[in-house]
Q: 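The structure's right below; bear with me while I get my questions together.
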Amino acid sequence: MKYKNIILCVIIFATVFTACRKGNSGDNQAPPPPEKKVTVSTFAGDGTDAYLDGPLLSAKFHTPVDVAISAGGILYVADYNGRRIRAIAGGQVSVLAGDGNFGTRNGSPDSAEFVDPYRIEVDPGGNVYVMDQADARVRRITPDGVVSTYAGTGVAGFKDGDISVALFGQGMGGIALGAEGAVYIDDTNNGRIRKISAAGQVSTFAGKAAKGFVDGDTSVAEFLNPNAILFDRQGNMYVADNGNYCIRKITPAGMVSRFSGMGTHGMADGPAATAQFHYIYDMVIDKDGNLLLCDGDRIRKVNPAGMVSTLAGSTIGYADGDGPTAQFNYPAGLAIDSEGNLYVADAMNNRVRKIIFK
């Protein structure tokens, strides 16, 4: 009996010691899940630089540069040189709005005109917002395809105020939906992030006329060629500050700081302080708070700690397959669906690609 008690004490001591050791080191937590396999496929487009509606893989695009997905699963495509906004649903590609002619006319789906539709976003009601690279306005398309001017006059410049008189610069590079129905615009050439409230007022959210790199309050912060923007679930905004080769973060309290990127041009993966970016065209965020971005000819990931890795893409070209062997040619826009699948507007391949993670 004495020996049994000794053995029992030893077992208890070993168990307690081991438990304490795991607790101190964090080993009692579940190990991180393994990295998922990344697979790239062609979702729509036959690669021909032209215009044709129809089944997914026989449809033709004319330089698709952005994608956005609605709550109902409709994928919208900004067809830049096709001067149309296309819709993909039920295995078919069709036109939401645009007659293909060069212009700025508002109106019905088959008479509205665009110049160079470049950035799109869709709100919970199914309205699509369009920024045209050569037209200094924000346009809005209803779910049934009717086009109107949402903000701006078409004259390039800078002016806050009512949406009917506000001025934006040409070449606006990013658009994001915020709280309370606000629309945020990355007014690239003006070096500012602008806010369009649901009440129809345009204001400056961050940045100023001087361009450079200054952190701090949004009223003193400076950006250099800001492009893609998005919000996380906590209300932080992330800005692809391409002229400074980094991603900036703006807190709900209005403080701007460097989030990831050492500030020099390159394609280095790694920790936030040493990672490098080439040119970020667009960004989305997944349910785990990872930023997914089009950078050069690759799709990259920035985790919540700012660590950068490459998900897919290598050299310029066209190839489906595993992430490291897949190829893109000017992947310019991204959208993410409710299942976490990623859609890529592969502009120079005239296709929409799909990335799944398993």
Q: Can you sort out the partners of Asp337 under salt bridge (Lys or Arg N to Asp or Glu O under 4.0 Å), two or more places apart, ordered by chain and number?
A: none
Q: Could you tell me whether the side chain of Asn190 and the main chain of Arg192 form a donor-acceptor pair under 3.5 Å?
A: no
Q: Is there a donor-acceptor contact under 3.5 Å from the side chain of Arg83 to the main chain of Val115?
A: yes
Q: Let me check something: do Val239 and Ile185 share a hydrophobic cluster, defined by ILVMFWY side-chain heavy atoms less than 4.5 Å apart, either directly or through other members?
A: no
Q: Let me know which of Asp187, Val155, Val202 forms a side-chain contact (heavy atoms from CB on, under 4.5 Å) with Leu167.
A: Val155
Q: Mark yes or no for whether Asn227, through its side chain, and Ile280, through its backbone, hold a donor-acceptor pair below 3.5 Å.
A: yes
Q: Does atom CD (Gln234) have a neighbourhood of more than 12 heavy atoms from anything else shown, all under 6.0 Å?
A: yes
Q: Salt-bridged, Asp186 to Arg119, with N to O below 4.0 Å?
A: no
Q: Do other residues, nucleotides or ligands put more than 12 heavy atoms under 6.0 Å from the CE atom of Met267?
A: yes
Q: Any chance you could lay out the side-chain contact (heavy atoms from CB on, under 4.5 Å) test for Leu177 and Val183, step after step, and finish with the verdict?
A: CA-CA 5 Å; Leu177 301 179; Val183 177; 3.9 Å; yes
Q: Is it the case that one hydrophobic cluster holds both Ile141 and Tyr76, taking links as side-chain heavy atoms less than 4.5 Å apart, direct or via other members?
A: yes
Q: What I'd like to find out is whether the side chain of Arg140 reaches to under 4.5 Å of the side chain of Tyr129, using heavy atoms alone.
A: yes
Q: Do Val344 and Ile336 share a hydrophobic cluster, counting only Ile, Leu, Val, Met, Phe, Trp and Tyr and linking them when any side-chain heavy atoms are less than 4.5 Å apart?
A: yes
Q: Using 0.5 Å steps for rounding, measure from the CG atom of Asp297 to the OH atom of Tyr330.
A: 10.5 Å
Q: Under a 4.0 Å threshold between the charged nitrogen and the carboxylate oxygen, would Arg258 count as salt-bridged to Asp241?
A: no
Q: When rounded to the nearest 0.5 angstrom, what distance separates CD1 in Ile196 from CG in Asp162?
A: 11.0 Å
Q: Please determine whether side-chain contact (heavy atoms from CB on, under 4.5 Å) holds for the pair Tyr343 and Lys354, giving the CA-CA distance in whole Å, both sets of side-chain angles, and the decisive distance to 0.1 Å.
A: CA-CA 5 Å; Tyr343 298 85; Lys354 182 177 181 179; 3.6 Å; yes
Q: Output the distance between atom CZ (Arg139) and atom CD1 (Ile120), rounded to the nearest 0.5 Å.
A: 14.0 Å
Q: Is the side chain of Ser260 donor-acceptor paired with the backbone N or O of Gly306 at a distance under 3.5 Å, no angle test?
A: yes
Q: Indicate, with yes or no, if Phe357 and Phe328 share a hydrophobic cluster defined by side-chain heavy-atom contacts under 4.5 Å among Ile, Leu, Val, Met, Phe, Trp and Tyr.
A: yes
Q: Going from CD1 on Ile299 to CG on Leu334, what distance comes out if it is rounded to the nearest 0.5 angstrom?
A: 5.0 Å
Q: Under the 3.5 angstrom rule, does the side chain of Asn349 hit a backbone N or O of Gly317 as a donor-acceptor pair?
A: yes
Q: Distance-only, no hydrogens or angles: does the Asn329 side chain make a donor-acceptor pair with backbone N or O of Ile316 under 3.5 Å?
A: no
Q: Who passes ring pair (Phe, Tyr, Trp, His ring centres under 6.0 Å) against Tyr51, sequence neighbours left out?
A: none
Q: Do side-chain atoms of Asp320 reach the backbone of Thr42 as a donor and acceptor pair under 3.5 angstrom?
A: yes
Q: Output, in order, the C-alpha distance, side-chain angles, deciding distance and verdict of side-chain contact (heavy atoms from CB on, under 4.5 Å) for Phe223 and Val256.
A: CA-CA 10 Å; Phe223 301 89; Val256 181; 4.1 Å; yes
Q: State yes or no: do Tyr238 and Val284 share one hydrophobic cluster built from I, L, V, M, F, W and Y residues joined by side-chain heavy-atom distances below 4.5 Å, directly or via other members?
A: no
Q: About how many Å separate CD of Glu113 and CG of Asp135, when rounded to the nearest 0.5 Å?
A: 11.0 Å
Q: Between the side chain of Asp46 and the main-chain N/O of Thr48, is any donor-acceptor distance below 3.5 Å?
A: yes
Q: Evaluate the side-chain proximity of Val95 to Pro109: yes if any heavy-atom separation is below 4.5 Å, no if none is.
A: no
Q: Arg298 and Thr310: side-chain hydrogen bond (donor to acceptor under 3.5 Å, both in side chains), yes or no, with the steps?
A: CA-CA 7 Å; Arg298 299 175 186 175; Thr310 297; 4.5 Å; no
Q: Distance-only, no hydrogens or angles: does the Arg300 side chain make a donor-acceptor pair with backbone N or O of Val308 under 3.5 Å?
A: no
Q: Where is the tightest heavy-atom contact between Ile74 and Ala87, given as atom of each residue plus distance?
A: CG2-CB, 4.2 Å
Q: For the side chain of Asp66 and the backbone of Ala332, is there at least one donor-acceptor N/O pair under 3.5 Å apart?
A: no
Q: Please determine which of Asp79, Asp116, Asn81 meets the side-chain hydrogen bond (donor to acceptor under 3.5 Å, both in side chains) test together with Thr63.
A: Asn81
Q: Output yes when Lys37 and Asp322 qualify as a salt bridge under the 4.0 Å nitrogen-oxygen rule, no when they do not.
A: yes
Q: For Phe43 and Ile88, run side-chain contact (heavy atoms from CB on, under 4.5 Å): C-alpha distance rounded to whole Å, both residues' side-chain angles, the deciding distance at 0.1 Å, then the answer.
A: CA-CA 10 Å; Phe43 180 70; Ile88 302 177; 3.8 Å; yes
Q: Measure the spacing between CG of Asp217 and OG1 of Thr251 and express it to the nearest 0.5 Å.
A: 9.0 Å
